[in-house]
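Quick one: the structure is below, questions incoming.
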Amino acid sequence: MSDPWDGPAGQATRSRGTQVPRQRGAGPDGAHPPGGRAAAQAASRARGGSRNRRRARPAGRGKRLLKMTGILLSVLVVVTAGAGWWFYQHLNGNIHSVSLDGKGGTEKADAFGRTPINILVMGSDGRTSATDCKLGGGCARTGVQTGSNADVQMVLHIAADRSNATVMSIPRDTMTKVPACKDSETGRSTAGYYGQINSALQYGPACQVATVHRLTGIPIDHFVKLDFSGVVKMSDAVGGVSVCVSDDVYDTYSHLKLSKGAHTLKGVAALEFVRSRHGFGDGSDLGRTISQHIFLSAMIRKFKSAGTLTDPTAVYALADAATKALTVDDGLGSVKKLISLADDVNKVPTKRITFATMQTAPDPADSDRVVVGAGAQSLFSTIADDQPLTTGSGKKSAAAPVTAKATATASAVPAAQITVTVENGTTVTGRASAVAAALTGKGFSPATTTANAPSPATSTTLTYGPGRKPEAQTVAKALGLPSSHLEQGSGTGLTLVIGGDWPSGSRYPGGGAAPAPADPKAAVGGAHASTADQAKTCAKVSPYRTVSVDGVAMTPAQAYEAARSKPDSDS
């Protein structure tokens, strides 16, 4: 029988002892001890050899133990490295990424070469799988559907110095100009149209990004998209999200049912909360954006809380859920890049993460829709210019009142109601589209259109109809166009012809200094601003009759009372 570590057992035994060499060697006087091996052993014991032998044996065992330990550690390293590599590849394999093709613009570096991060976060209403059909409903007749709308749209801005961040929601009912787009995955395309902003996602995430960029003027070079099941996975992975509601609420549309007070929402209950638009505020999408901010603030606090990001099991569950739940652009399409993004967010204190909702005004053509409102341009510019909406102490900038008088001083007609036809009179392709995008980005009507001029123009002109000069002056001021380029025509609208004297850029060359940086105080006016550290804020339940039970219209609180037999969402 042999020992797998030290060879034959007899050899191993002999190598441990100190007596064998002494048996064969001379004694202290140079003579061999008489009496053979037994006498030698007796003599050895008399000299304390047994103690030497007892001390020597562990040296042999120690060598074998060290060798065994070394081999086991080597195996462990190999296995761990292999598992780590498998885990990394597994997570990378979960991620679905799509190219943006530069349709969202490019972020500008600051004076120190640092670049801000602007990401469009989208929540899809798509019922493109059996799971999402079950969660979202509406598939009873159609079955699994194709295409989706972006019912949640938030621009996440992380400052270049990572000291602050802004999350701006854009209501899904906002009317705007959707540019020409083609979905690189489905091939579905559009030549462009005027419609509800959330519909752009039907032509791919890149189209939604391009539409938001056109509306706001904010450069956006990343996106993150979640579907219904993605929200469920993420809320489960973090162990639930703590929220508070101001009253009993039962939204019979999203099925959210909660009693007044604090709750920890997981899975489907979390999805019902972020989808509820009839349960909060005025029962419209505007109220829903505020409750979503409360939910996300709580999730951010949970991410940052002690233990969440230091518990390996929690981190694995979170990473696995996140990579399965998200569709991202190529720039975020790896675990390494997502980890870097999470680290950037983690650097920002919760008191300096500001949530805001784009200011809106009723759409003159449809009372159920909205357009960009007064103050929105200041919010857009603040984000695009990488300006914080909080002070260094974390306090929100005081909101400047947005009054009719102030608006009237700037213009007899709000920019949102001024529509311009922009024509390209140059030989440079895309000039009309670039200037039109600059106008809509400054808050002018999304109904602004583009065309080619009837003939080449050497000089830029802005022609206005009778009584429209104040509108033309507002447009000229926004573009830096001198008043000498304005002229009254026989038409009824405003037509801007881009001439050869304006070959590039969105501001007329030599038209004076660029406008002063936007005022953060004005930016948060009417934007329902809050910060992520406000843990005690409750979602305000709608006091209006926004829901119905058995065909009877009632408030969400009344509906809760009428449906006592139905279990609560977090039960």
Side-chain angles (χ1 to χ4, degrees), residues 95-107 117-129 132 145-157 168-228 230 285 325-333 358 369-372 380 383-384 422 429-430 432-441 444-450:
I95 300 173
H96 179 206
S97 61
V98 176
S99 174
L100 277 181
D101 296 325
K103 292 184 178 179
T106 303
E107 293 144 356
I117 301 172
N118 291 323
I119 304 170
L120 180 62
V121 180
M122 295 175 271
S124 164
D125 72 350
R127 279 80 166 171
T128 55
S129 69
D132 284 331
Q145 304 168 13
T146 58
S148 58
N149 296 313
D151 274 3
V152 176
Q153 299 169 93
M154 298 180 181
V155 176
L156 167 60
H157 168 77
M168 179 188 71
S169 288
I170 301 175
R172 73 166 195 172
D173 298 329
T174 302
M175 299 299 289
T176 189
K177 179 68 182 292
V178 176
C181 294
K182 183 176 182 179
D183 189 339
S184 60
E185 294 193 317
T186 67
R188 188 176 185 184
S189 64
T190 175
Y193 60 92
Y194 181 72
Q196 203 166 310
I197 193 169
N198 67 333
S199 65
L201 187 56
Q202 297 179 23
Y203 304 97
C207 188
Q208 192 69 51
V209 168
T211 303
V212 171
H213 172 57
R214 181 188 179 102
L215 174 70
T216 65
I218 299 170
I220 301 171
D221 58 7
H222 296 297
F223 79 84
V224 171
K225 181 172 76 75
L226 292 90
D227 54 18
F228 293 149
D285 196 50
L326 305 177
T327 298
V328 300
D329 66 281
D330 289 347
L332 295 177
M358 181 193 83
R369 300 290 179 266
V370 296
V371 294
V372 173
F380 298 160
I383 295 172
V422 184
T429 302
S433 295
V435 176
L439 284 171
T440 56
F444 287 86
S445 172
T448 291
T449 59
T450 61

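Any value given below was found using the heavy atoms of this structure, including those in side chains, with hydrogens, waters and symmetry copies removed.
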Min side-chain heavy-atom separation Pro205-Asp329 under 4.5 Å: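 Side-chain contact under 4.5 Å: no.
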Between Asn149 and Ser199, which heavy-atom pair has the shortest distance, and what is it?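 Taking every non-hydrogen atom into account, OD1-CA, 3.5 Å.
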If you look at every heavy atom in Lys177 and Pro446, which pair is closest and at what distance?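 Between these two residues, the closest heavy atoms are CB-O, 3.2 Å.
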Disulfide bond (SG atoms under 2.5 Å apart): pairs with one or both residues in residues 179-227, sequence neighbours excluded: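 Of all non-adjacent pairs touching residues 179-227, those that pass disulfide bond (SG atoms under 2.5 Å apart) are Cys181-Cys207.
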Nearest non-hydrogen partners of Leu100 and Phe223, listed with the distance: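 For Leu100 and Phe223, the tightest heavy-atom pair comes out as CD2-CD2, 3.7 Å.
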State whether a side-chain donor-acceptor pair under 3.5 Å links Ser97 with Asp330.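 A donor-acceptor contact under 3.5 Å links the two side chains.
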Examine distances only and state if a side-chain atom of Gln153 and a backbone atom of Leu120 form a donor-acceptor pair shorter than 3.5 Å.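 No, Gln153 side chain to Leu120 backbone: no donor-acceptor pair under 3.5 Å.
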Distance (rounded to the nearest 0.5 Å) between Glu185 CD and Thr327 OG1: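 Going from CD on Glu185 over to OG1 on Thr327, the span is 8.0 Å.
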Of all heavy-atom pairs between Met168 and Ile218, which one has the smallest distance, and what is that distance?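 Looking at all heavy atoms of both residues, the shortest contact is CE-CD1, 4.1 Å.
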As a quick check of understanding, evaluate side-chain contact (heavy atoms from CB on, under 4.5 Å) for Val152 and Arg172, giving each step before the final call. CA-CA 7 Å; Val152 176; Arg172 73 166 195 172; over 6 Å; no
Spacing of CD1 belonging to Ile117 relative to CD1 belonging to Ile220, to within rounding of 0.5 Å: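 Output value for this atom pair is 13.5 Å.
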Between Asp151, Asn198, Leu201, Leu226, which is the residue that forms a side chain to side chain contact (heavy atoms under 4.5 Å, CB included) with Ser124?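 Single side chain to side chain contact (heavy atoms under 4.5 Å, CB included) partner of Ser124 among Asp151, Asn198, Leu201, Leu226: Leu201.
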May I have the step-by-step check of side-chain contact (heavy atoms from CB on, under 4.5 Å) for Arg214 and Thr176, ending in yes or no? CA-CA 9 Å; Arg214 181 188 179 102; Thr176 189; 5.7 Å; no
Taking all non-hydrogen atoms of both residues, which atom of Leu215 and which atom of Phe380 are closest, and how far apart?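 So the two residues come closest at O-CE1, 3.9 Å.
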How many angstroms lie between CD1 in Ile170 and CE in Met122, if you round to the nearest 0.5 Å?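 CE of Met122 is found 11.0 Å from CD1 of Ile170.
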When rounded to the nearest 0.5 angstrom, what is the spacing between NE2 in His213 and CG in Asp221?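 His213 NE2 to Asp221 CG: 10.5 Å, rounded to 0.5 Å.
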Taking salt bridge (charged side-chain N to carboxylate O under 4.0 Å, His left out) as the definition, give me every residue that meets it alongside Asp285, ordered by chain and number, with sequence neighbours left out.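 Asp285 satisfies salt bridge (charged side-chain N to carboxylate O under 4.0 Å, His left out) with Arg288 once adjacent residues are dropped.
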Can you check side-chain contact (heavy atoms from CB on, under 4.5 Å) on Val371 and Ser445, steps first, answer last? CA-CA 8 Å; Val371 294; Ser445 172; over 6 Å; no
Taking all heavy atoms of Ile197 and all of Gln208, pick out the closest pair and write down the distance.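 Looking at all heavy atoms of both residues, the shortest contact is O-NE2, 3.0 Å.
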CA sep, side-chain torsions, deciding dist, call: Val328, His222, side-chain contact (heavy atoms from CB on, under 4.5 Å): CA-CA 7 Å; Val328 300; His222 296 297; over 6 Å; no
Would you compute the distance between atom CD of Gln202 and atom OG of Ser148 and round it to the nearest 0.5 angstrom?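 Those atoms lie 7.5 Å apart.
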Just how far is it from atom CD1 of Ile119 to atom CG of Leu332, taken to the nearest 0.5 Å?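 The CG atom of Leu332 is 5.5 Å from CD1 of Ile119, to the nearest 0.5 Å.
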